[in-house]
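For reference, the structure discussed in these notes is given below.
The shown structure was predicted, so the numbers you read here are calculated from the model rather than taken from an experiment. We count residues from 1, following the sequence as given.
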Amino acid sequence: MADDNDSERPLHSEPDEEAIDEPTTSPAQEADETAWMVKEGVTIGLIAIGAMVVLGLGLLQGTGLVDPFAPIADTEFGQWAAFAVVVLVGVAVFVWSRLGV
């Protein structure tokens, strides 16, 4: 469906490609959609904050400024293994948050 403004649109841009077919018609449906959007926003924010904390911790541990896993691991390999477990837990939380979306 072409219109007069097609030449002015950026290439590879389809603003209506993923549009909702039916508008929201009831307050309950709108409340459900709002709750879903809030949940998604909070999840994305928490994952981003967690990723930055893990990145900072990894950089501090890599430079030797901190040894946060020293009480549970004596060797450098053990500390990096504990760090890898923390990263895997973060990835698992992210995957869990994406289930059902």
If you round to the nearest 0.5 Å, how far is [atom2] of [Y] from [atom1] of [X]?
| X | Y | atom1 | atom2 | answer |
| --- | --- | --- | --- | --- |
| M52 | I47 | CE | CD1 | 11.5 Å |
| T34 | Q29 | OG1 | CD | 10.0 Å |
| D67 | L60 | CG | CG | 10.5 Å |

Residues joined to V38 in its hydrophobic cluster, side chain to side chain under 4.5 Å directly or through other members, sorted by chain and number, are V42, L46

same_hphob_cluster(V87, I72) at 4.5 Å side-chain heavy-atom cutoff: yes

The criterion is side-chain contact (heavy atoms from CB on, under 4.5 Å); which residues satisfy it with L59, sequence neighbours excluded? L55

Specify the closest pair of heavy atoms between A73 and G78, including all atoms of both residues, with the distance to one decimal. CB-C, 3.4 Å

Heavy atoms of F69 and Q79 approach each other most closely as CD1-O, 3.7 Å

Evaluate the side-chain contact (heavy atoms from CB on, under 4.5 Å) criterion for residues V91 and W96: first the C-alpha distance (whole Å), next the side-chain angles of each, then the deciding distance (0.1 Å), finally the verdict. CA-CA 9 Å; V91 169; W96 174 76; over 6 Å; no

Would you say the rings of W80 and F83 are close, in the sense that their centroids are separated by under 6.0 Å? yes

For E76, does the CD atom have more than 12 heavy-atom neighbours from other residues, nucleotides or ligands under 6.0 Å away? no

